[in-house]
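Reviewing the structure listed below.
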Amino acid sequence: MSDAASEKNTALMEKIVSLCKRRGFIFQSAEIYGGLNGCWDYGPLGAELKRNLKDYWWRKNVQEREDILGLDGSILTHQDVLKASGHVGGFSDPMCDCLLSKARLRADQIEPQSGTAYHYTGASHAESGWSVERPYSVLISGNQDENKARKTAKQYYSQFLTDKQISPKTIELAGESTEELTETTRYNPENGSLLTEPREFNLMFKTHMGASADDGDESAVAYLRPETAQSIFVQFKNVAETNRVKLPFGIAQIGKSFRNEINPRNYTFRSREFEQMEIEFFCRAEDGLALTDEWLERRLTFYEEIGIPREHLHVLDIPDGERAHYSQKTYDIEYEFPFGIQELEGVAYRGAYDLTKHKEHSGKPLEFFDDETKEKLIPHVVEPSAGCDRTILALICEAYDEETVTDEKGKEEIRTVMRFSPRMAPVKVGVFPLLKNKPELVEKAREVQALLVPHMNVFYDETAAIGRRYRRQDEIGTPFCVTIDFDTLGESGDELKETVTLRHRDSMKQERVAIADLRNFLLDQIA
RNA sequence: GCGGGUAUAGCUUAGUGGUAAAGCCCUAGCCUUCCAAGCUAGUUAUGUGGGUUCGAUUCCCACUACCCGCUCCA
């Protein structure tokens, strides 16, 4: 992306963030206390939007399918579950930073080295009177010039110089001593610079169960789940045994997960608390690959149904070597966010890995008896795992539009429109009396509101001019507005009596619709 | 985690070492017959904590949050 394009996209993202706050889609968590890094709250409209997304996903993937069952697992997770899944052991990589280049390295992947370590206690510059006291070391191998160590150390200390005119070459090193080291991993193999102490970066939130549990009581340790998938695997046997299922079948779950991200970024895109919509689709081994492709297509169709066109999505076929070791096939479904192309969902063929691991660790039989083939087997699994909040952000980015409109006087202005699909829109219809100081209009509008309210989210508004009310609804993406006027009351004769103006958000076109037809018309549009 | 930037009302922006300004939005009232009309009145702000100072929104430091670039993302 060019600089200009990047700036434009940053500006666009800022406008979207601003609108989300102004209209009550998304707020920063604990804003009045300065905010909580990587956490966000959904305001009234955001809550509606998210509910619409989750409801539609659930309807399509659970309620309308005979072969997928729902689950709602606990967020607090038994530590053994996450030991079995590999999250406790393999999920916490000790990391070091290079003191010179600031590069971050995985401590367990550093090649052990041997050589001579040159230690220093600090550095100074006689002419300017500058000095710094701070221990530092450089490792050089036997055949390297010792001056290389001094040069590297000077470079390191020069970063503390306040006067940038001073050449690193002219500073004096203090307290040089040497030490022979073998098989050390404390130095950066690239440049010999000392590294910071290895630090754990466990991405899971850890807690202790029980009011009296102290931090040292390892048996009381529990975690906030880092993914919803594990409770599905752990409850696999219960679900299968209580529901007379046969392969292939799925278990679906929507719920919060938590990851202590080092670096939350891009608005709500990478949050520490986030919601997932996951399916674990269990199948016979021979069907796994084909089902993965099938699910990919089904998921792409889903995104189209909620208003994200196929051409704004990218499918990444994760190549060999980059997939998790247990996965024979993984697709990422990505969306063109203003800040870049980023993942919305992963569709992964995970083989029998998860159930096998839980079988091993729990010692419980997790085989499934296949009635058709009369054999006991550990089913394979295909996992379409979507990020709910990411999809919300994609819906918002996709919907945001600015349109130049010209009024009768030829004056141009910007109309901001959220073009949500009617299915996802937080408010489905605005109901307005043309004038609020005419009680007959208000009364009729209230009747129309009451007629629609049991079936959809309706917004009643009688303040300000009618045009302003339309624009307010444009900005929150309400697809339809209904206006009750004097014709509704029968002032222009019986033909128009009991009809209203139906105004369309996208085209701004108006049509006349009978109140009696309104409910069914709108229900068809938002289904 | 590193580097850079930013922080004044719901939003967009002024401004000042000594009473913080405007537009939009919003609320109420009047008026108003279909695309942000008009008039009147009104609410709301210097991110947090220190320091310097008689006095700090302004200067300095730290923290927090957000944005950008790296890094990371089982």
Side-chain angles (χ1 to χ4, degrees), chain A residues 1 3 6-7 9-11 13-15 17-24 27-40 43 82 85-93 95-106 159 196 199 201-204 226-227 259-267 269-270 272 323-327 339-340 342-343 405-409 411 413-417 432-438 441 463-475 481-489 491-492 500-505 507-512:
Chain A
M1 185 182 320
D3 282 2
S6 160
E7 262 177 49
N9 287 328
T10 300
M13 205 54 215
E14 279 173 9
K15 283 193 211 173
V17 170
S18 173
L19 182 135
C20 283
K21 183 178 183 194
R22 187 170 72 248
R23 303 315 302 254
F27 304 123
Q28 196 179 6
S29 178
E31 191 191 58
I32 64 168
Y33 289 103
L36 185 60
N37 186 254
C39 295
W40 304 88
L82 297 163
S85 66
H87 287 89
V88 169
F91 198 41
S92 57
D93 302 325
M95 305 289 279
C96 305
D97 294 326
C98 173
L99 288 167
L100 186 65
S101 69
K102 309 299 181 193
R104 173 160 293 166
L105 306 166
R106 274 181 60 168
Q159 66 185 312
T196 58
R199 279 174 303 176
F201 280 85
N202 195 312
L203 296 189
M204 284 199 295
E227 60 178 27
R259 293 180 199 181
N260 208 349
E261 295 288 351
I262 296 163
N263 192 1
R265 270 297 166 85
N266 290 326
Y267 201 31
F269 183 81
R270 184 176 300 149
R272 293 205 162 113
R323 289 189 302 270
H325 63 87
Y326 47 76
S327 178
F339 46 80
Q342 298 276 354
E343 182 185 349
V405 290
T406 312
D407 64 16
E408 307 100 50
K409 295 163 200 150
K411 201 180 94 184
E413 59 182 8
I414 303 284
R415 183 173 82 115
T416 303
V417 197
F432 315 138
L434 186 57
L435 300 171
K436 82 166 161 180
N437 60 354
K438 297 287 184 286
L441 291 176
T463 66
I466 192 72
R468 177 185 295 275
R469 281 179 261 167
Y470 287 151
R471 294 301 172 83
R472 278 178 187 156
Q473 296 306 309
D474 289 344
E475 214 181 28
C481 290
V482 165
T483 300
I484 286 78
D485 60 17
F486 294 99
D487 290 345
T488 314
L489 302 175
E491 285 198 0
S492 304
V500 293
T501 302
L502 180 76
R503 183 262 193 184
H504 295 259
R505 174 194 67 201
S507 62
M508 295 169 70
K509 292 261 166 53
Q510 304 190 150
E511 61 177 316
R512 205 71 198 176

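Every heavy atom of this structure was used, including side-chain atoms; hydrogens, water molecules and symmetry mates were not. Note on naming: letters A, B, ... go to the chains in the order of the sequence lines (proteins, then strands), and numbering restarts at 1 for each one.
- When the P atom of U32(B) is taken as reference, atom CG of Leu441(A) falls 13 Å away, rounded to whole Å.
- Side-chain atoms of Ser18(A) and base atoms of C11(B) include no donor and acceptor less than 3.5 Å apart.
- In this structure, Asn37(A) atom CG and C66(B) atom C1' are separated by 9 Å, rounded to whole Å.
- For G29(B), one of the phosphate oxygens OP1 or OP2 lies less than 4.0 angstrom from a side-chain nitrogen or oxygen of Lys436(A).
- For the P atoms, the distance linking G10(B) with C25(B) amounts to 16 Å, nearest Å.
- One can place CZ of Arg272(A) at 12 Å from C1' of C72(B), the figure rounded to the nearest angstrom.
- The same atom, C1', is picked in G1(B) and in C72(B); the two are 9 Å apart, to the nearest Å.
- Contacts of Gln510(A) with the nucleic acid, taken as non-hydrogen atoms under 4.0 Å apart, include base atoms.
- When rounded to the nearest whole Å, the span between CD of Glu31(A) and C1' of U48(B) equals 14 Å.
- Within 4.0 Å (heavy atoms only), Asp485(A) reaches at least one base atom of the nucleic acid.
- Remark: A21(B) base-pairs with U13(B); criterion is Watson-Crick or G-U wobble with both hydrogen-bond distances under 3.5 Å.
- Dashed line: the shortest gap from a side-chain N or O of Arg265(A) to OP1 or OP2 of C73(B) is not under 4.0 Å.
- Contact annotation for Glu343(A): no contact, since no heavy-atom pair falls under 4.0 Å across all strands.
- Counting any heavy atom pair closer than 4.0 Å across all strands shown, Arg270(A) reaches a base atom.
- Taking NE2 of His87(A) as the start and CE of Met204(A) as the end, the distance is 7.0 Å to the nearest 0.5 Å.
- At the heavy-atom level, Tyr267(A) lies under 4.0 Å from the strands shown only through sugar-phosphate atoms.
- For Phe339(A), taking side-chain heavy atoms from C-beta onward, the closest of the listed nucleotides C35(B), C11(B), C68(B) is C68(B).
- One P atom belongs to A20(B), the other to U44(B), and the distance between them is 13 Å to the nearest Å.
- At a cut-off of 3.5 Å, with distance as the only test, no side-chain donor of Arg23(A) or Thr416(A) sits close to an acceptor on the other residue.
- No donor-acceptor pair closer than 3.5 Å links the side chain of Arg471(A) to the backbone N or O of Arg415(A).
- Nucleotides G55(B) and U16(B) are separated by 14 Å at their C1' atoms, to the nearest Å.
- For Asn266(A), a side-chain nitrogen or oxygen approaches OP1 or OP2 of C68(B) to under 4.0 Å.
- Here the straight-line distance linking atom CG of Leu434(A) with atom CZ of Arg469(A) works out to 7.0 Å at 0.5 Å rounding.
- Put simply, Arg22(A) has no side-chain N or O that comes within less than 4.0 Å of OP1 or OP2 on C26(B).
- In this structure, the nucleotide among C68(B), U33(B), A37(B) sitting nearest to the side chain of Leu435(A) is U33(B).
- Ring-plane geometry between Tyr470(A) and Phe432(A) is classed as tilted, the angle between the planes lying from 30 to 60 degrees on a 0 to 90 degree scale.
- The partner of C66(B) is G5(B), by the rule that a Watson-Crick or G-U pair needs both atom distances under 3.5 Å.
- Between the CZ atom of Phe432(A) and the C1' atom of C34(B) there is a distance of 11 Å, rounded to whole Å.
- Side-chain atoms of Thr483(A) lie closest to C34(B) of the nucleotides A37(B), C34(B), U33(B).
- Atom CD1 of Ile32(A) is separated from atom C1' of A45(B) by 15 Å (rounded to the nearest Å).
- Nucleic acid contact for Gln28(A): sugar-phosphate only, since backbone atoms but no base atoms lie under 4.0 Å from a heavy atom of the residue.
- Comparing atom distances between the Arg472(A) side chain and each of C26(B), C67(B), U33(B) picks out C26(B) as nearest.
- In this structure, CD in Gln28(A) is found 13.5 Å from SG in Cys20(A), a value given to the nearest 0.5 Å.
- A gap of 11 Å separates the C1' atoms of U46(B) and A56(B), to the nearest Å.
- Look at CD on Glu413(A): it is 9 Å from P on A37(B), rounded to the nearest Å.
- Between the base of C35(B) and the side chain of Arg468(A) there is no donor-acceptor pair shorter than 3.5 Å.
- Within the model, atoms CG of Leu502(A) and CD of Glu511(A) stand 5.0 Å from one another, a figure rounded to the nearest 0.5 Å.
- Pair assignment for C39(B): G29(B), on the basis of Watson-Crick or G-U wobble contacts that are both within less than 3.5 Å.
- Here, U12(B) and C61(B) have their C1' atoms 31 Å apart, quoted to the whole Å.
- Heavy atoms of Gly43(A) sit nowhere under 4.0 angstrom from any nucleic acid atom.
- When the side-chain nitrogen and oxygen atoms of Lys438(A) are compared with OP1 and OP2 of U33(B), none of them lie within a distance under 4.0 Å.
- Taking atom CG on Leu203(A) and atom P on U71(B), their separation rounds to 17 Å, with Å as the unit.
- Of the possible donor and acceptor atoms, one in the side chain of Arg272(A) sits under 3.5 Å from a partner among the backbone N and O of Glu261(A).
- Here, U48(B) and C73(B) have their C1' atoms 30 Å apart, quoted to the whole Å.
- U43(B) and A37(B) have their C1' atoms separated by 23 Å, given to the nearest Å.
- Within 4.0 Å of Ile466(A), counting heavy atoms only, lie sugar-phosphate atoms of the nucleic acid but no base atom.
- Of the two residues near RNA chain B, Glu475(A) and Glu14(A), the one whose nearest nucleotide lies more 5' is Glu475(A).
- Taking only side-chain atoms of Tyr470(A), from C-beta outward, the nucleotide of C70(B), C34(B), A74(B) with the closest atom is C34(B).
- Heavy atoms of Arg23(A) sit nowhere under 4.0 angstrom from any nucleic acid atom.
- The distance from the CG atom of Asn9(A) to the CZ atom of Phe339(A) is 10.5 Å, given to the nearest 0.5 Å.
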